[in-house]
Amino acid sequence: MAILEINDISSGYGEVQILWGATLALEPGKITSLVGANGAGKTTMLRTVMGLVKPKGGTVTFEGKNVSQLSAHAKAEMGLVLVPEGRQLFSEMTVEENLEMGAAPKRAKARFDANFKRVYEIFPRLQERRRQKARTLSGGEQQMLAVARGIMAEPKVLMIDELSLGLAPVLVLDLFHTLQKLKSEGLTLLLVEQNVQMALAVSDYGYVLAHGKVDLHGPSRKLINDTHIRSAYLGM
Amino acid sequence: MDILAFLTDGLLIGFVYGIAAMGLTLIWGVMNVINLSHGSIIALGMFALYFLFVSLGINPYIGVVIVAVLGLLLGMIIYAVAIHRVINAPHLSTLLATFAVNMIIIGLGTTAFSTSPRNVDFSLGSATVGPVTLLGTRVVAALASVLITAALYFFLYRTTLGKYVRAVTDNRAAAELMGIPSARVLALSFGLGTMLAAVAGGLIATFFPFTILSGGTYELKSFVICVLGGVGNPLGALFGGLILGTFEGIIPYFLPTSWVPVIEFILFVVILLVRPTGLLGAKK
Amino acid sequence: MSLTKLRNPGLWITVIAVLLLGLWPIVTQRASTREEIFTVLLSVVLASSLNILLGYTGYVSFGHIVFFGLGGYVGLYLIIVQGWSLWPAMAAGGLAAGLLALLLGQAILRLRGSYFALATIGINEAMRAFINNFEPFGGPTGLSLNFQTYNAYGGAANALWLIYYIVLILALFNIVLSYVVKTSKFGLGLMAIREDEDAAEVMGVITPRSKTWAYVLSAILPGVVGVLFFFKNGNIEPPQAFRLHMSIELLVMVMLGGFGTVFGPALGAVGYQRLRGLLLTSDLFKNIQLAVAGLLLLLIILFIPAGAVGWIRRRFPILRRYLP
Amino acid sequence: AAQEQTVVIGFTASQTGKYNVESTRQINGLNLWLNQVNDAGGITLSDGTVVTFSTVFYDDESNTDRVQELYTRLATEDNADFLISPYSSGLTDASAIIAEQYGKIMITTGAASDSTYTKGYSLVFQTYTPASRYLTGALDLLASLDESAQRIAIVHENDKFSTDVSTALNDYALELGYEVVLFEGYDSGATDFAPFINKIQEAAPDAVLGGGHFQDGSTFARQLFEKTVTPAFVALLVAPPEPSFSELGEAALGIVGPSQWEPLAQIDASAAEAAGVDFYGPSSADFHDAYMEAFGEEPSYHAAGGYVSGLLLQKAIEDAGSIDTQAIKEQLDAMNLLTFFGRIQFDTTPEAHGLQIGHSMMYVQWQGMADALDKQIVWPPEAVTADALYPIGGE
Amino acid sequence: MILQVSGVSKWFGGLKALTDVTFSLQEGQILGLIGPNGAGKTTLFNVINGVYKPNEGTVTFRDVDITGLKTYEIARMGLARSHQIVRPLNDLSVRDNVIVGACFGRENNALASAGTIADEVMEFVGLAKRADQLAGSLNIGQKKRLEMARALAARPYLLLLDEVLAGLNPSEIAMMIDIVMKIRERGTTIIMIEHVMQAVMSVSDQVLVLDFGKPIAFGTPAEVANDARVVEAYLGDPSLAAQLLAPSSDQPEQDD
Ligand SMILES: Nc1ncnc2c1ncn2[C@@H]1O[C@H](COP(=O)(O)OP(=O)(O)OP(=O)(O)O)[C@@H](O)[C@H]1O
Ligand SMILES: Nc1ncnc2c1ncn2[C@@H]1O[C@H](COP(=O)(O)OP(=O)(O)OP(=O)(O)O)[C@@H](O)[C@H]1O
Ligand SMILES: [Mg+2]
Ligand SMILES: [Mg+2]
C-alpha cells in the first residue's frame, strides 16, 4: 500500500497549465526520486501536492485519506512535509527559531528535544550559527537549515526539492548517507534532484517527469543503467 | 515653576501614547499591514467604554477589560472581512483596505454618534507631590501600559504562538508548509493589534473628552512613535511614547507651545534619518 | 527618446479619454459640470504625479500633499502680498515644490519602505506646523484673496474657466510626461529600483540620483496646481493646505486605477472622485455617503487588488501594449 | 388667482468631519424656520404670488475640497435662489466667491471672521458678531468685576477663527492697559494641556482668556480643574455656551463664555421698543420652545444662527415684495432691526460690505452646584440674569 | 592585472567571514572559487563589487582602487555579477530585466541599442522564448540564467558568477559551460563560485579555495584537487573526491 498517491494530477499558474495528469505513488519506508529537465514541472508537482498551488484535477491520497482539499498546514500536521525549492526560510528569525517553527505540528512536539539534537548533529554548522538571522546565512547554510527544519517536523513523508543545491560536495555525500539512515528509521522520502546520478543512486524507485507527465518509472537501478533512458531523459 | 512638573506630565501622557502606538506597531511590524483604521478603532474603544460606563454603570477599569475582548473580536472580524483576501496581494492593497474600513467606521460612527464630544465623568482624585500634581486616572493608565507592554513582549518573543505570528509574517507559504495555520494566526494578530488600540482608547477616555474623530490625533502620534521605537517592537513603542510625551511636556517650557509640533516632527524626521530602524532598533 | 514611441496607441487612448472628459464641460458650457471635472482633473494631476514616485519608483509617499500646499502658499503669497500675476506665481509654486523635493530628496530618499513613508508624514506635519507659525504667510489665519483680483482675468466667471483650461492642459501634459518617463531609460531605472533597489545598484543604476529626480518630477506639478486650486478657492489655511487625509486619498486613487501604469492613476482619480461626487449629491446616499463610499471602495479593493488597469493587464496580456 | 412659487435655498452642511456638530445645529435651526414659514402658508409677494421655501444641501465633509464644486452645483443645477454659508470662515470664503459670481445672495452663519467681508463682496451678509468683537466683552466684564486685575493670559487654538479672535482681544487688552503675560497658541489636535497649564501657572495671570472650539475648550477646562490651577477668571470660546459643557461638572463652574445668543436673554418686542427699532420674528422664548419641541434638545447659538439666517431672508423678501436679488439686497443693506437673536445691521461701506455691525455678544457663566449647574448671563449689563461669580472658587 | 585583492578582511560582529584574502587575476582568465559552505565566497564577491566595505584591505580593479565605492560606480566601471540567491526584477519582463543590465552597465547604452544587446544575450543564454514573460514567473533554473543574462548584457570586463550551475541537470550544465567558455573567448574575465566540481575543474584556469574565510589553496585545477587540505575541507575523503571528479572525463560537450 502506497503511503502517498498522486493520481492523475493537473495544475498550473493562471492560464498556463504545467502538469497534465501526472501519477505517482510512494512506497512507505522507501526513497523515491523524481527527476526531469528544467521546467518539467517537478516543483509545481510538489507545490500542488501540498496545496500551495490549487490542483485543476486529480487527487492526492495520504495514508489512504483523500487530502486534495486540505490546506498545506493540515497536511503538515498529518506528517506530509515539504522542504521547498528556494529554501523559504523565516529570514528575519534566528536559526534556532526557524527550527522551532519546523516543529509546529503537534506530532513533532513530543520528539522536539531529540530532533533538535539530531539536526545539530547532522549540521554542526547550524549549531554554531544558531543565533544568527536566517537571512544572513550563506547559501549552503540556508539549504542546511531548510532541510533541518523539515526534519524537525517529524514527518512521515518528507519531500525535498533540490536537496543538493549549493552544498559543498563533502556535505552532499554526508547528507545522502543521512537520508539512508532516516529511511532505515522508517521515514518515506521523495527527492527531487538535478543531481540525477546521485539521486538515483540513493533511491529505490524513480520517476521521470517530462512536459508535465510521468514519462517513465521503475526501480532506480534499472533507470540508471538503461542507456536509452540516460541519454533521452537524464541528459547523460 | 519647576521643570519637574513639565517632565512628569509629559512622561505620564507618554505612557498612554505608547500604548496607543502599540497596536499599530504590532500590526505593522508583524503583519506588514499599515492599519489606517487604527485611529477610528481607538475612537471605538473610547465609545465602547463610554457606553459601558454611562449606560451600564460599569466601573471604567472593568470596562477596559470588556473593551479589550470586544476589540479582539472586532479585529478578527475586520481581518476576515476586509484584509484576508488581500493580505498577500501586491503592494499596498492592505493599506487601501484599512483605509476603506476607516471610512466605514467614521461614516457610520458620525451618523450614529455625531461628532459631539463625550466625556467619561470619572475621577480617581489626584495627589500633589512638591510641584507635581499627579492624576489618579493617568497614573493607572501609565501602570496599565507598562503591564500591557510586558505581556505583549512576552507573548511575541517567549510564547510559541507569538513566534508563529512572526513566522507567518515572515514567510507565509513556509509557515503553511510547516503546519502553522496561517490564516488563524494572522486573524489573531490583527485582533491583538485592534485590541490594543481599543484598550488605549478606553484608557484615554477616562481622562480626555473625545469624539468619533479623536482617534486621528493618536494615529498620527502612533506613526511617530513607531519610528522612534522601531516598527514592530512593543517595548520600543512604549519607549517612543515616552520620548514623544517628554518632548510635548518639555518643549513648552522653552518655546511657545505652537512650536511643539514643528520641533516634534522635525526631530522625528531627523531621528529617522540618523537611526532609520528606531532608537531601539527594529525587532522583527 | 525616439518619436516612434509616441505612436503608442495606449498613450493616445489615455490622452483622448482625458481630453474628452475635459472637453465635456466646454461643450455643454455647464458650470457645475466644469466644477465637477475640475475636481477630477486636479486629482488626475496629483495622482499621476504621485505615480512617478509611487508607481514607478516604489517609494510610498504619505505626505505628497506637502507639495500641493507649499506651492499653493508660495503662489498665493506672491499674488496677494507681492501683487504677482497668476502665471509667474504658478511657475514659482512649481519651483518651490520642486526645490523642496530636491532638498528633501537628498535626505529622506535614503530611507526605505515604510520608513520613507513615515518621513513624508513627518515632513508634511512639520511644514503644516511651521506655516502655522510663519507670519509672512499669515500664520493660522492664512492668506485670502480679494474678489477684485479676478478682474484682471476677466472677472470671476472667466477666471474660473481660465483655471479650468489650465488644469486640463496640465492634466494632459502630465499624462504625456508620465508616459515619456515610463518609456525612457530613466524610467526603466526607476522601475528597477522599485523591484529591487540593491539589485538595481549592482546593475549600475545610480539610485540616489534617479530617486531624487523622480521625487522632484513628482513634486513640481502638484506645486503648480496648488497655486491654481487655492487661487480659485480664494483663501488658504494650513490645515487645508496640508491635509494628510488628501495624501492618502491620492494613494488610493493610484492604487485603484493601477499602480505604475500610465492610464491607471488617471482612471483611479476619475473613478474615485466621481464615486465620491456622485454619492455626495445622490439623494439616496448623501446622508451616509462616507460609509457607502468606504464599502464600495472595500469591495473594489477586495476583488481587483491590482487596480483596474493592473487587473486588465493581468487578465488580458494582449492588451498590455495598449495600457502602458 | 394667487400664483405659487417655491424658493430654493442651497447650502452645504458638514454632515461628516470636524464641524459636524455645529453645522448640524445650524441646519436644524434653518429647517425649523423653513417649516414654520411654510406651515404659515408662505410669504405673499406684492404681485400676489405665494412663496414657499425648500432646501437643497450637500455634505461638504468639513473641508474645502468640494465646496466650490457643490456651491456651483447649487447655483446652476439646483437653481438655488438664495444661499446660506457652510459652517466656518474657511469654507465660507470658498463659497462666497461662487455666490458672488453667480449673483446669489448668501447669508452667512457660523462664519465669524471679519476678513471675509473685506474682500469686495456685495451679496454676502453676516449674521454673527464678527471675530474682532467676540471676546472683547469678557475684558469689559473683568474690568467691572475687579479693577485690580492686571495680568491676563491669552491662550488660543492655533486656527483661523480663534487666532483672529485672540489677536483682536490682545489689541483690546493692550488698549485697556492690561498686561498680557502670556499670548500663546496650541495645535488644533491638542488633547493634553498639562504642559500648557504648567506654563500658565508659572505666568500667574489674574485671568485666562481664549480657547478655540468645543473639544479643546472643554478639555482645557477640565484639566485646569484637575490640576487645581484656578485663575480668578476664565473665559473660553465656543465651549461654555454649549449645554453639554455642564457634563464637566465642577470643572465647568465659573467658566465664562461668549455666546451669540442665549435662551435666557428675553429678547422680544418690548426690548425692541426700548431700543427704538423694529422687532421681527419670534421671541427668544418662542424659538427656544419650538426648537425643543422639534429636536428634543436645548438650542445652542449655532441653532439660533441657522434660524435667524432664514428669518432675515424672509424679512427682506417681505419688505421687497419680490424675490428679485437686487431688491432684496437693498432691503438687507437697509436692514436695522431686532430679532430674538439680537440686533441686526450690516455694514454697507464698500470696504466691509455685509459685515455684521448691529449684533453683539453675550457672556454666560456656569454657576450653582456641581451637580446642578446653571448657565447665567453675566454680561452685558442690560442682559444680565445673575451676578458674575468672581473669583472662580471663591475667595 | 585586471583585479587585485590585497589583504581583505571582513567581519560580521564577532564572525570573521574573510581573513586576509590576497590574490590577483590576469585579464582573460577564468578563476574558480570554491570552498565549503559558509567559507566566505559570496562575501568575497560582495566585497569586490561594493556591497560590503572590507574592514581591512583593498580591491583594485583595472588599476583603480575601488575599495568602498558604491556598487553602481563599480558596475559602471565594467564589473558585473550574478547573485547566488536570485534577485529578478519580478514585475518587469525578462527582456526589460536584461535591458536594465545593458543600459546601466559599462557601456551606458541608450534604450534602443540596449534592446538589441538584450535580444542577443537572451538568445545566447536560451531565454529568448521567455522574453515577454514576467521575470517573477520564471522557475529557479530560468532565473539563474536571467541573472547571468543581465550581467552579460552589461558587457563587463570582469564577470562574477555565483553558483550559476546550481540546480541544472547535466546537459544544461554542459550548455552553460559552453556559454561561459564563449564569454571568455570574447575577452571577458570571469570568477565563478561553484560546487559542481566537474564543471569548475574543467573550465577554470586557476582555482582559489577558501576555508573559514582564509585562502587555503591557489593553483591549477589539478594542483588544487590533489591538495590534501582541500580534499579534507571540501571534497571529503580522497576516494570520494576521485569518484566526484570521475564523471568529468565523459563530460565534455555531450549536448543534445
Ligand atoms: N509562479 C509561476 N507563475 C507562472 N509560471 C510559473 C510559476 N512558477 C513556475 N512557472 C513555470 O512553470 C514551469 C514549470 O516549473 P517548475 O518550477 O515546476 O519546474 P521544475 O521541474 O521544478 O524545474 P527546475 O528543475 O528548474 O526546478 C516553468 O516553465 C516555469 O516557468
Ligand atoms: N550579513 C551577515 N551577518 C552575519 N553573518 C554573515 C552575514 N553574511 C554572511 N555571514 C556569514 O559569513 C559566512 C560566509 O558567508 P558566505 O555567504 O560568504 O559563504 P559562502 O562561501 O558563499 O557559502 P555558500 O557556499 O554556502 O554560499 C557564513 O558563515 C555566513 O553565515
Ligand atoms: Mg524546481
Ligand atoms: Mg555563497
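So you know, we letter chains A, B, ... as the sequences are listed, proteins then strands, and number each from 1.
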| task | Check whether any side-chain heavy atom of A/Met93 sits under 4.5 Å from a side-chain heavy atom of B/Lys163, and report yes or no. | result | yes
| message | By the definition salt bridge (charged side-chain N to carboxylate O under 4.0 Å, His left out), identify the one residue from A/Glu92, A/Glu97, A/Glu100 that meets it with B/Arg166. | response | A/Glu97
| field | Residue-level interface, residues 49-69 of chain A with chain B, non-hydrogen cut-off under 4.5 Å | value | A/Met50, A/Leu52
| query | How would you list, in number order, the residues of residues 110-129 of chain A that have a heavy atom less than 4.5 Å from chain B? | reply | none
| query | When heavy-atom pairs shorter than 4.5 Å are enumerated against chain B, which of A/Ala76, A/Gly150, A/Ala153 gives the highest number? | reply | A/Ala76
| note | Interface check, chain B: of A/Met78, A/Arg149, A/Glu77, most non-hydrogen pairs under 4.5 Å belong to A/Arg149
| said: Is it the case that the side chain of A/Gln88 and the backbone of B/Ala174 share a donor-acceptor pair, with hydrogens and angles ignored and the cut-off at 3.5 Å? | reply: no
| Quick one: what part of B/Ala183 sits under 4.5 Å from any heavy atom of chain A, side chain, backbone, both or neither? | neither
| message | Taking side chain as everything from C-beta outward and backbone as N, CA, C, O, which of these in B/Arg184 sits under 4.5 Å from a heavy atom of chain A? Side chain, backbone, both or neither. | response | side chain
| field | Side-chain donor-acceptor contact under 3.5 Å, B/Asn171 with A/Ser91 | value | no
| So does A/Lys156 have more than 12 non-hydrogen atoms from other groups sitting under 6.0 Å from NZ? | yes
| request: Please round to the nearest 0.5 Å and tell me the distance separating atom CD of B/Glu176 and atom CG of A/Leu82. | output: 12.5 Å
| query | CG of B/Leu177 to CG of A/Leu46: how many Å apart, nearest 0.5 Å? | reply | 10.0 Å
